[in-house]
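Below is one structure, written out as structure tokens, with a few remarks after it.
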Amino acid sequence: MTDARFLRDDGNAALEISGSGPRPAAVTLIGPRARVEARLHGRGRTWRAVLPLRAARWGGPELPLPTGEYRVRIEPGEATDAAPPAASLPLTQLPGLRAGWSDGILHVGPPVDPAYDSGEGQAALERRYATSRQPLENAVFFESFYGRTAGCNPLAIDREIARVAPGVTRYWSVVDLSVRVPDGAVAVVEGSPEWWRARAAARLLVVNDWLRRKFVRKPGQTVLQTWHGTPLKRLALHRPGFDPRRAIAVFRESRRWNVLLAQSPYAARVLSRAYAFRRRPIWVEGYPRNDSLQTDDGAATRRALGIGDEERVLLYAPTWRDDREAIVDFVDAPALARAANAVVLVRGHTRTLLPGEDARGPRVIDVTGYPDTARLLAASDALITDYSSVMFDFAITGKPMYFLVPDLEHYRGELRGFYFDLLEAAPGPVVRSQKDLERAIAEVDPEIFRERYERFRRVFVAREDGRASERVVARILDQGFVDRD
């Protein structure tokens, strides 16, 4: 009979599974976004498998496991005692996370003190936050996609602030400590006392999505809403069907923002109307997240992902769907990799990061959790998308795009609707099935879309010159949102 316990392994959290007899051939902890191989000990009478509750991805540092449920797979080899432990372990506070074991499942959560991780505990922190009168710090509070990643425009702005104003404190809101924050920044886990305090104390908040948790802008605070893409699909007040509760929420949310960043004049017009953002500044400066596309050849990212220099790389990056949690299943990634003789990178929208799990297969790499989308664009030879704003960013590269839209009528007519006709404007083939996609990749000459591609770039990404971060941060400093020193 096997047993389990939590322990500290060189100061880090670990799960130890032990049994009698010969040791198994391998023990693996498998979760939706990470897996860990155990270190095995023992030579006959007893054995131990130590599973670090940490993982490294894409050449980065080892970090605590992402929140989620993990199962243990034991390959017995000659072991006679190789079933996952039946006993339970209560939820335990460990370095960097909390973990519990029950019914053969490891449950991992963020390292928030149980005293605060409850309805009453959070309500008390919210009340303290709402009434706080603490002085503001020369600090920025960054949040990207509700803390699921440390990326997008906030990441690029963080890097520029760190370069030109190193005295500014940089807090990053994260769902757990599996999210890697930039060097020199301070990670604050959502819902923790430190998170509430940092959000109340920072002079500037830089976000790319809605603010949550009863946000109250303190006197002297500024909110820079960078948003996360030029819209094709209808947003906010423009979504199909009138819902008074949604309209109230949109008005309430946009009133929290002081400044809105837009990628282009087109995006500024759409976002200002969709969010009723009137008589307040809109900075049309291009997107900081795309600055690296002017200089990055993608080689470093390919190495981090284990892709050879001569490999062809296709990036599949669909948007999320309002009627499902996980990434759409319109592409059989291993089959596409075989048909196109390419490595297929699968990048789901960040809304599918937590409920979904990594795509796997020969020459398939799931990069949904990769923090910097622009690096993936630079590393890819072509993009396959649908209605995602990644199409506008990828247009900067001039590389081929393909639009796989088997649900076009449903999405356009019922789910969201569009601001312009994708069929008329798409700078690449629009296809309805994987078979047609494979044929387009093999047979369609991208040059036939050259004129349409150039028109697309003029309208949507003309401001993208690699210096958006400099311009945005210069305006932040010039307007005194934070001090340089």
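No experiment lies behind these values; they were computed from the predicted model shown.
A side-chain donor-acceptor contact under 3.5 Å links Lys399 to the backbone of Leu377. Formation of a donor-acceptor pair under 3.5 Å by the Arg199 side chain with backbone atoms of Leu205 is not found in this model. Judged by distance alone, the side chain of Glu357 and the main-chain N or O of Gly31 form no donor-acceptor pair under 3.5 Å. Although no hydrogens or angles enter the test, the distance criterion places a donor-acceptor pair under 3.5 Å between the side chain of Tyr419 and the main chain of Leu235. Under the 3.5 Å distance criterion, the side-chain polar atoms of Thr385 are matched with a main-chain donor or acceptor of Ala317. Put simply, the side chain of Arg234 never gets that close to the backbone of Arg416: no donor and acceptor are under 3.5 Å apart. Between the Arg463 side chain and the Ser264 main chain, no donor and acceptor come within less than 3.5 Å of each other. In this structure a side-chain-to-backbone donor-acceptor pair under 3.5 Å is present from Arg280 to Trp257. Side-chain N or O atoms of Arg256 include one that pairs as donor or acceptor with a backbone N or O of Leu211 at under 3.5 Å.
Applying the salt bridge (charged side-chain N to carboxylate O under 4.0 Å, His left out) test to every pair with at least one member in residues 292-301, sequence neighbours left out, gives these pairs: Asp296-Arg375. Applying the ring pair (Phe, Tyr, Trp, His ring centres under 6.0 Å) definition to pairs two or more places apart or across chains, none involves residues 464-485. Here ring pair (Phe, Tyr, Trp, His ring centres under 6.0 Å) pairs that include residues 149-173, with residues two or more places apart or in two chains, are Phe142-Trp172.
Every side-chain contact (heavy atoms from CB on, under 4.5 Å) that Arg57 has, sequence neighbours left out, goes to Arg33, Asp358. Contacts of Ser178 classified as side chain to side chain donor-acceptor pair (under 3.5 Å), with partners at least two apart in sequence or in another chain: Asp176. By the salt bridge (Lys or Arg N to Asp or Glu O under 4.0 Å) test, Glu470 pairs with Arg467, sequence neighbours left out. Looking at residues two or more places apart in sequence or on another chain, you find a side-chain contact (heavy atoms from CB on, under 4.5 Å) between Leu91 and Arg98. Remark: Arg321 pairs with Asp386, Asp407 by the salt bridge (Lys or Arg N to Asp or Glu O under 4.0 Å) rule, at least two apart or across chains. Contacts of Asp421 classified as salt bridge (Lys or Arg N to Asp or Glu O under 4.0 Å), with partners at least two apart in sequence or in another chain: none. The salt bridge (Lys or Arg N to Asp or Glu O under 4.0 Å) test applied to Glu37 returns no partner, not counting sequence neighbours.
Once rounded to the nearest 0.5 Å, the distance linking CZ of Arg54 with CG of Leu63 reads 6.5 Å. Rounded to the nearest 0.5 Å, atoms CG (Leu293) and CD1 (Ile396) are 5.0 Å apart. Separating the CG atom in Leu7 from the CG atom in Leu94 is a distance of 9.0 Å, to the nearest 0.5 Å.
Few gaps surround CZ on Phe418; more than 12 heavy atoms of other groups in view lie less than 6.0 Å from it. Annotation: Glu120, atom CD; neighbour count of heavy atoms from other residues, nucleotides and ligands within 6.0 Å does not exceed 12. More than 12 non-hydrogen atoms from other residues, nucleotides or ligands lie less than 6.0 angstrom from CG of Asp323. Counting heavy-atom neighbours within 6.0 Å of Glu325 CD, excluding the residue itself, gives a total of 12 or less.
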Decide yes or no on salt bridge (charged side-chain N to carboxylate O under 4.0 Å, His left out) for Asp372 and Arg180, but give the supporting numbers first. CA-CA 11 Å; Asp372 193 338; Arg180 184 182 180 183; over 6 Å; no
Audit row: Glu194, Arg197, salt bridge (charged side-chain N to carboxylate O under 4.0 Å, His left out) steps and yes/no: CA-CA 5 Å; Glu194 296 79 13; Arg197 192 208 67 79; over 6 Å; no
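Taking the six-membered ring for Trp and thresholds of 30 and 60 degrees, Phe392 and Tyr266 have ring planes inclined between 30 and 60 degrees apart. Between Trp196 and Tyr129, the two ring planes are tilted [angle within 30° to 60°].
Under 3.5 Å, the side chains of Asn138 and Asp483 contain no donor-acceptor pair of N or O atoms. No side-chain donor from either of Arg159 and Ser469 sits under 3.5 Å from a side-chain acceptor of the other.
Between Arg475 and Glu285 a salt bridge is recorded (basic side-chain N to carboxylate O distance below 4.0 Å). Electrostatic pairing of Arg324 and Asp329 counts as a salt bridge here, judged by a charged N lying under 4.0 Å from a carboxylate O.
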May I have the list of side-chain donor-acceptor pairs in residues 239-252 shorter than 3.5 Å, sequence neighbours left out?
unit_1	atom_1	unit_2	atom_2	d
Arg239	NH2	Asp322	OD2	2.7
Asp243	OD1	Arg245	N	3.0
Asp243	OD1	Arg246	N	3.4
Arg246	NH2	Arg239	O	3.4
Arg246	NH2	Pro240	O	3.4
Arg246	NH2	Gly241	O	2.5

Using distance only, find each side-chain donor-acceptor pair of residues 225-232 under 3.5 Å and give its atom names and separation, not counting sequence neighbours.
unit_1	atom_1	unit_2	atom_2	d
Gln225	OE1	Asp209	N	3.4
Gln225	OE1	Trp227	N	2.9
Gln225	NE2	Asp209	O	3.0
Thr226	OG1	Val207	O	3.1
His228	ND1	Asn208	O	2.6
Thr230	OG1	Gln263	OE1	2.6

